[in-house]
Protein chains: 2
Amino acid sequence: MGVDSGLGDLRPALLFDLDGTLVDSVYQHVLAWHRALETAGIDLSIWRIHRRIGMSGGLFANALLREVRRDGSSLDSGEVARLRELHRGYYAEVIGRVRALPGARDLLLRLDHEQVPWAIATSGNRDGAETVVRLLDVVPKVLVTRDEVPFAKPDPHLFLAAAHQLGVDITQSIVVGDSIWDMLAAQRARALGVGLLSGGYGAEELERAGAFLVYQDPADLLAHIDELGIRMTALSG
Amino acid sequence: MGVDSGLGDLRPALLFDLDGTLVDSVYQHVLAWHRALETAGIDLSIWRIHRRIGMSGGLFANALLREVRRDGSSLDSGEVARLRELHRGYYAEVIGRVRALPGARDLLLRLDHEQVPWAIATSGNRDGAETVVRLLDVVPKVLVTRDEVPFAKPDPHLFLAAAHQLGVDITQSIVVGDSIWDMLAAQRARALGVGLLSGGYGAEELERAGAFLVYQDPADLLAHIDELGIRMTALSG
């Protein structure tokens, strides 16, 4: 403190995924994609959509398509755009039932109080992200969406951009996410990964993808935040 | 064959769960329960509902309630009945989008062709079960629902009743299900358990609950059915 130790800045920062991590929107997204794909003539089991959600849109569509098209053909950009438009419409029908996850707001406010830098980085687009971020009733200093990066998760760009905009070291950052795509992107960015069960993955799936700890939801993470090496002051009042 | 070996009847039988195992209905059920609970003033994260679905209705409601009520109070029968009625209404809105899972019909027809006895045993009620069984376009000889047994899963009654009605030995039966409640009920019935990923659980969750093999969905099970020790003849045509 005040004396240059030669260690540089080793304070941790938290980089959060959004859907399934801070807001309870994964299942609505999954069923909206199911309807969109079916409307486009692509019949896919719902669990397969669930396990691929959170990827970049282009990867997502082609990963799903591989399950049904034996010829290895992919979707062209027009088809991907149409699917996205269908999904956006179906999701809009149910977005009114999306809620913040338990503890999300408390966690973010506590981090602000402790001056721990945090950001949100999502594979979703900016319009959609800003809509659900409002549910948190906390304004993030940094919100990175796929509109700002060339590649979304599991590429590392979103988390690298979030750390850059925060002015923190990515190797001192902890990525918090609910999907294996978050954990893979964290590994590729050389950040640590922490998993949350609130998106519906199993704990072992997240651990195998690189999560060094798994919590139930933001409330559970807040209750155990010392396990991440984040020092909290006693809250007054 | 024809000579009494003293070994008794060791032919295998298959006892199937319904939702998430033969029909792709878990996610719709989950969101219908989420709406029902919210309407009744119970706010619960969706993944917690997902992980408890497939239990008997009474256990399910109280297991969920424990997550939100700190005083240990449970729901009375009137409250459980109201929740069920709300769920039934919300689920009815989306049941038109429920589909049979890939391979479900082919698997059941193949078992009939090979004279392997099979039944369906579900924690759901008879009306709801009969509605989605129609999607399979195969009439089960035995369909056991919670209307016929005193306790649903993870109690063993449903699978024991199914084996009894088929006239097969439960210890030679293989329970196929998508949830840990199926696997626990299988263990308590002294049947073998096989898991399917099509309900959205992770493979390790099913294995830890006792699944000795896990497949993706009915189509994947059919493609590997020899691994269960079920001998198939070569199909003609």
Side-chain angles (χ1 to χ4, degrees), chain A residues 19-39 43-51 53 67-68 90 93-94 96-104 178-180 195-209 214-220, chain B residues 19-39 43-51 53 67-68 90 93-94 96-104 178-180 195-209 214-220:
Chain A
D19 294 290
T21 298
L22 295 172
V23 297
D24 199 2
S25 54
V26 166
Y27 290 74
Q28 291 91 346
H29 270 303
V30 167
L31 285 179
W33 276 115
H34 184 243
R35 290 180 70 185
L37 289 159
E38 189 164 278
T39 301
D43 291 325
L44 262 171
S45 302
I46 299 171
W47 72 279
R48 293 188 191 273
I49 299 169
H50 185 191
R51 283 307 187 275
I53 213 157
E67 302 287 343
V68 287
Y90 293 134
E93 291 180 22
V94 295
R97 292 202 285 272
V98 171
R99 306 282 175 262
L101 278 161
D178 69 299
S179 81
I180 65 170
L196 298 186
L197 299 180
S198 38
Y201 274 83
E204 300 85 357
E205 295 176 273
L206 296 169
E207 287 165 357
R208 288 191 184 182
V214 176
Y215 298 98
Q216 295 187 355
D217 56 17
D220 188 36
Chain B
D19 294 291
T21 299
L22 295 172
V23 297
D24 199 3
S25 54
V26 165
Y27 290 75
Q28 291 91 345
H29 271 303
V30 167
L31 285 179
W33 277 115
H34 185 243
R35 290 179 71 184
L37 289 159
E38 190 164 278
T39 301
D43 290 325
L44 261 173
S45 303
I46 299 172
W47 71 279
R48 293 189 191 273
I49 299 170
H50 186 191
R51 283 307 186 276
I53 213 156
E67 303 286 342
V68 287
Y90 292 135
E93 291 181 23
V94 294
R97 292 202 284 272
V98 172
R99 305 281 175 263
L101 279 161
D178 69 299
S179 81
I180 64 171
L196 298 187
L197 299 179
S198 37
Y201 274 84
E204 300 84 357
E205 295 176 273
L206 296 170
E207 288 165 356
R208 289 191 183 182
V214 176
Y215 297 99
Q216 296 188 353
D217 56 17
D220 188 35

Check each atom of Gln216(B) against the heavy atoms of chain A and say whether the ones under 4.5 Å are side chain, backbone, both or neither. both
Name all residues meeting the side chain to side chain contact (heavy atoms under 4.5 Å, CB included) criterion together with Arg35(B); count only those two or more places apart in sequence or in a different chain, and write none if there are none. Arg97(A), Tyr90(B), Glu93(B)
Output the distance between atom CD (Glu204(B)) and atom CZ (Arg208(A)), rounded to the nearest 0.5 Å. 4.0 Å
For chain A, which candidate among Val30(B), Val94(B), Leu31(B) shows the most heavy-atom pairs at distances under 4.5 Å? Leu31(B)
At their closest point, which heavy atom of Asp24(B) faces which heavy atom of Ile46(A), and how far apart are they? OD2-N, 2.9 Å
Report which part of Tyr27(B) has an atom under 4.5 Å of a heavy atom belonging to chain A: side chain, backbone, both, or neither. both
I'd like to check the side chain to side chain contact (heavy atoms under 4.5 Å, CB included) partners of Ser198(A); sequence neighbours left out, ordered by chain and number. Leu101(A), Leu196(A), Asp217(A), Pro218(A), Trp47(B)
Sort Leu197(B) into side chain, backbone, both or neither according to what part of it lies under 4.5 angstrom from a heavy atom of chain A. both
Given Pro102(B), Gly202(B), Gly199(B), the one with more heavy-atom pairs under 4.5 angstrom with chain A than any other is Gly202(B)
Heavy atoms only, distances under 4.5 angstrom: which of His34(A), Arg48(A), Gln28(A) has the most pairs with chain B? Name it, please. Arg48(A)
